[in-house]
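Here is the structure we will look at, set down as structure tokens.
Note that the structure is predicted; figures quoted are calculated from it, not measured.
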Amino acid sequence: MLVLVHGSRFSRHQWDGYAAQLPSADVVAVDLPGHGQRAGAPFTVEAALDVVDAAVRTAADGRPVVLAGHSLGGYLASLYAAEHPGTLSGLVLLGATGDPAGRLTGVYTGFAKLLPRVGYDRMARLANAVIRALGARPEDLPDAAAYPVLADAWDAVVRRCGPHLLTRVDCPVTIANGRWDQMRIHAGRFARAAPRARVVVVEGASHLFPLTHRAATVEVLREALREAAPRS
């Protein structure tokens with residue numbers, strides 16, 4: 001089983017088409033609080049982890065579960081894995097290896113503070129222009145519904161997430177980033193923290209590689225599923 005968690009501003013529809021490319025897996029994509037069908041709901045770490053847990057628990061007894069998340073979803077996936085030992089057979093972090101304790105954090109917290117001044121709809125239009133220029137399909141562009149919870153979501157990552165979580169993860173970890181992904185900056189730090197880690201770089205890709213380089217991302221997920229073993 002493969003559980004997919006989207007990045008901030010997106011929704012479970014970020015993963016549309018992935019199930020067809022992974023026919024041997026039971027693929028489940030979720031909406032985080034404040035996103036997709038849960039738009040309007042407040043974002044808390046506890047609520048987000050409950051969403052992930054509900055999806056993971058749908059697996060039949062003994063069936064291996066691989067949890068994969070992009071960006072915000074990857075950070076939350078690492079937190080879930082650290083807090084639920086013995087539950088997962090694989091963890092995949094897609095564009096989620098920028099250490100929140102590093103300088104990069106200021107860019108995101110600053111962006112969140114600007115949002116109310118600029119306006120959610122206007123910021124969504126500006127951001128989507130960039131996303132589309134990087135190669136995303138028009139149907140993959142998110143609306144502004146999730147922008148109100150960005151500050152809370154990113155604050156949760158800063159407070160709770162980081163490479164230290166991987167020292168508590170007891171399953172194989174795949175760390176994947178685009179070659180030009182800003183979140184690749186601390187990939188080595190995350191890999192060293194994990195007892196078992198595989199590092200993948202998607203050539204020619206940015207932070208948005210699950211949207212723009214789908215075939216390469218599918219192969220990352222397929223390999224993680226191959227490596228997963230049933231839990232005793």
Between [X] (side chain) and [Y] (backbone), is there a donor-acceptor pair under 3.5 Å?
X	Y	answer
Y18	P210	yes
D31	R12	yes
H35	R9	yes

Is a salt bridge present between [X] and [Y], judged by a nitrogen-to-oxygen distance below 4.0 Å?
X	Y	value
R226	E219	yes
R160	E46	yes
R57	D53	yes

- Looking just at side-chain N and O atoms, do H186 and D99 make a donor-acceptor pair shorter than 3.5 Å? no
- Message: Assess, by modelled atom type and distance only, whether the side chains of T44 and D152 contain a donor and an acceptor separated by less than 3.5 Å.
- Response: no
Between [atom1] of [X] and [atom2] of [Y], what distance do you get to the nearest 0.5 Å?
X	Y	atom1	atom2	answer
H70	M183	NE2	CE	9.0 Å
F209	R214	CZ	CZ	12.5 Å
C161	L93	SG	CG	10.0 Å

- Message: Classify the ring geometry of Y80 against H84: parallel below 30°, tilted from 30° to 60°, perpendicular beyond 60°.
- Response: parallel
- Heavy-atom closest contact (G7 atom, S71 atom, distance): CA-CB, 4.2 Å
- Which pair of non-hydrogen atoms, one from P142 and one from I131, has the smallest distance, and what is that distance? CD-CD1, 4.3 Å
- H6 ring center within less than 6.0 Å of H13 ring center: no
